Amino acid sequence: MSLLRATVLALALAASLPSISHAGEEPARTTSNTKYPVHHRRIQVEGIDLFYREAGPRDAPTLLLLHGFPTSSQMYRDLIPLLADRFHVIAPDYPGFGQSAAPSPSEFEYSFDNFARLMDRFTQQLGLERYALYVMDYGAPVGFRLASAHPERIDALIVQNGNAYIEGIGAFWDPIKSLWKDNSEANREVIRKAALTLEGTRWQYLDGVPDPTLVSPDAYTLDQAYLDRPGNNDIQLAMIHDYRNNLPKYPQWQAYFRKHRPPTLVIWGKNDKIFLAAGAQPYRRDNPNAEVHLLDTGHFALETHAPEIATLIREFLERR
């Protein structure tokens, strides 16, 4: 058995064990903030067990971090300690992702509408009346549903490789568009091999990164362990198929940007092939006050630029 395969199996086994709901469950690579440690918590929302990370003083401005595919709140493991002294930071896992429950698609309809509904209930149960949103990848269609439905709750938007414009959709999406047109087993198998294997997950993390040695293999190996859990492929394929329902909502979200002009910080790994950098600048078309920063990295910009991104966020939010 190869070392890599053994590592994946070990992580998959660990992921299947009962989770511990206290600080220290998953050590961060960044030096922890001992005054504001990261807590690992659980909450029942509409009967579904949701896992979330929380740090920082509860009376501070709240920042809600919504993760992308194929990861979980673990993508924020380096960022949270860099912000917890100034902000109340919360990062949940969606159903079927990370440490949250993963009901079968026969028990729960996996869709972005349902994810947004659960995140809405999640924020209400935690008593979050106002918050800034950090959205990345899948987090964008989830978060923009929240923001456009409840603009009064949104203090600011931080968009990191999170798409809301057709300019951001490139050739990467062609096989997925085939799945949208025909949800056949043949097309599902194409996506399964391209997006749900270790090779595909690793590519998402490393493509477009000038120095791949800056990306910890722990991140994509852990993500793959979650993907490899029994039944999880069906969950992910359901979400990839449902992504087709996001593109028709782009005009609605753009109208929200124009009407409400939320303070917006756009941070983009400019070498991203999943969501092209061409999708970053249009935020200024609908909200001329939006700040746009292009970084020399790929899709998972936090893997290489967490300190720089934290500085941009702190400066941006402290000006609000």
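All figures in this text were calculated on a predicted structure; none of them were measured in a lab.
- Under the 4.5 Å side-chain criterion, counting only non-hydrogen atoms from C-beta, Leu222 is in contact with Tyr226.
- Ile90 and Met75 fall into different hydrophobic clusters, where Ile, Leu, Val, Met, Phe, Trp and Tyr side chains are chained together by heavy-atom contacts under 4.5 Å.
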(request) Take Asp93 and Arg42 through the salt bridge (Lys or Arg N to Asp or Glu O under 4.0 Å) test and state the conclusion after the steps. (result) CA-CA 10 Å; Asp93 291 351; Arg42 295 187 174 276; over 6 Å; no
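- In terms of the side chain to side chain donor-acceptor pair (under 3.5 Å) criterion, Thr311 has no residue partners (sequence neighbours excluded).
- A donor-acceptor pair shorter than 3.5 Å can be found between the side chains of Thr71 and Asp223.
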(request) Show your reasoning for whether side chain to side chain contact (heavy atoms under 4.5 Å, CB included) applies to Arg53 and Gln99. (result) CA-CA 10 Å; Arg53 301 166 197 257; Gln99 288 286 316; 5.8 Å; no
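- Closest of all the heavy-atom pairs between Ala132 and Leu317 is CB-CD2, 4.2 Å.
- For the pair Arg86 and Pro61, the minimum side-chain heavy-atom distance is below 4.5 Å.
- Put simply, the side chain of Thr201 gets close to the backbone of Thr197: a donor and an acceptor are under 3.5 Å apart.
- Of the possible polar contacts, one joining the Asn271 side chain to the Gly208 backbone as a donor-acceptor pair under 3.5 Å is found.
- Ile309 and Val135 are not part of a single hydrophobic cluster, where members link through side-chain heavy atoms under 4.5 Å apart.
- Residues passing the ring-ring contact (aromatic ring centres under 6.0 Å, His included) test with Tyr283, sequence neighbours excluded: Tyr165, Phe257.
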(message) One pair to check against side chain to side chain contact (heavy atoms under 4.5 Å, CB included): Val215 and Phe300. What are the steps and the verdict?
(response) CA-CA 9 Å; Val215 178; Phe300 283 101; over 6 Å; no
For residues 172-179, tabulate all N or O donor-acceptor pairs below 3.5 Å that involve a side-chain atom, not counting sequence neighbours.
residue : atom : partner : partner atom : Å
Trp173  : NE1  : Ile274  : O            : 2.8
Ser178  : OG   : Asp174  : O            : 3.4

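- Classified by interplanar angle (parallel below 30°, tilted 30° to 60°, perpendicular above 60°), the ring pair His260/Tyr256 is tilted.
- Closest of all the heavy-atom pairs between Gln160 and Leu302 is OE1-CG, 4.0 Å.
- The hydrophobic clustering, which links ILVMFWY residues whose side-chain heavy atoms are closer than 4.5 Å, places Leu79 and Leu66 apart.
- Arg285 pairs by the salt bridge (charged side-chain N to carboxylate O under 4.0 Å, His left out) definition with Glu167, not counting sequence neighbours.
- In this model, a donor atom of one side chain and an acceptor atom of the other lie less than 3.5 Å apart for His88 and Glu54.
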(message) Working note: Lys273 + Asp207, criterion salt bridge (Lys or Arg N to Asp or Glu O under 4.0 Å); need CA distance, chi angles, decisive distance, verdict.
(response) CA-CA 8 Å; Lys273 292 189 180 72; Asp207 187 73; 3.0 Å; yes
(request) Under the salt bridge (Lys or Arg N to Asp or Glu O under 4.0 Å) rule, what do Glu109 and Arg117 come out as? Steps first, then yes or no, please. (result) CA-CA 12 Å; Glu109 181 183 356; Arg117 190 191 74 251; over 6 Å; no
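- Take Asp211 and apply the side chain to side chain donor-acceptor pair (under 3.5 Å) test, not counting sequence neighbours, and it matches Thr213.
- Applying the side chain to side chain donor-acceptor pair (under 3.5 Å) rule to Tyr243 yields no partners; only residues at least two apart in sequence or on another chain are considered.
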(message) As a quick check of understanding, evaluate salt bridge (Lys or Arg N to Asp or Glu O under 4.0 Å) for Arg145 and Asp113, giving each step before the final call.
(response) CA-CA 8 Å; Arg145 279 171 169 81; Asp113 282 345; 2.7 Å; yes
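- Donor-acceptor pairing under 3.5 Å is lacking for the side chains of Gln204 and Tyr220.
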Under 3.5 Å, which donor-acceptor pairs link side chains of residues 247-255 to any protein atom two or more places apart or in another chain?
residue : atom : partner : partner atom : Å
Tyr250  : OH   : Asn163  : ND2          : 3.0
Gln254  : NE2  : Ala164  : O            : 2.8

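- In this structure the side chain of Arg192 reaches within 4.5 angstrom of the side chain of Asn233, judged on heavy atoms.
- A cation-pi geometry, defined here as NZ or CZ lying under 6.0 Å from the six-membered ring centre and within 45° of its normal, holds between Arg320 and Phe316.
- Legend: residues meeting salt bridge (charged side-chain N to carboxylate O under 4.0 Å, His left out) with Glu308, ordered by chain and number and at least two apart, are absent.
- Listed by first then second residue, pairs satisfying salt bridge (charged side-chain N to carboxylate O under 4.0 Å, His left out) with a partner in residues 119-129 read Asp120-Arg153, not counting sequence neighbours.
- In this structure Arg188 satisfies the salt bridge (charged side-chain N to carboxylate O under 4.0 Å, His left out) test together with Glu185, Asp234, sequence neighbours excluded.
- Judged purely by distance below 3.5 Å, without hydrogens or angles, the side chains of His299 and Asn161 never pair a donor atom with an acceptor atom.
- The side-chain heavy atoms of Gln236 and Tyr110, taken from C-beta on, include no pair separated by under 4.5 Å.
- Relative orientation of the Phe97 and His67 rings is tilted, given thresholds of 30° and 60° on the angle between their planes.
- Side-chain rings of Tyr52 and Phe122 approach one another, their centers coming within less than 6.0 Å.
- In this view, Arg258 and Asp286 satisfy the salt bridge (charged side-chain N to carboxylate O under 4.0 Å, His left out) rule, not counting sequence neighbours.
- Residues Asp218 and Ser216 have side chains that bring a donor and an acceptor to within less than 3.5 angstrom of each other.
- Between the side chains of Arg77 and Gln74, at least one donor N or O lies within less than 3.5 Å of an accepting N or O.
- Each of Phe112, Tyr94, Phe115, Tyr138 was compared with Phe69 under the ring pair (Phe, Tyr, Trp, His ring centres under 6.0 Å) criterion, and only Tyr138 meets it.
- Annotation: side chain to side chain donor-acceptor pair (under 3.5 Å) contacts of Glu315 (sequence neighbours excluded): none.
- Looking at heavy atoms from C-beta onward, Ser111 lies out of side-chain contact with Asn245 at the 4.5 angstrom threshold.
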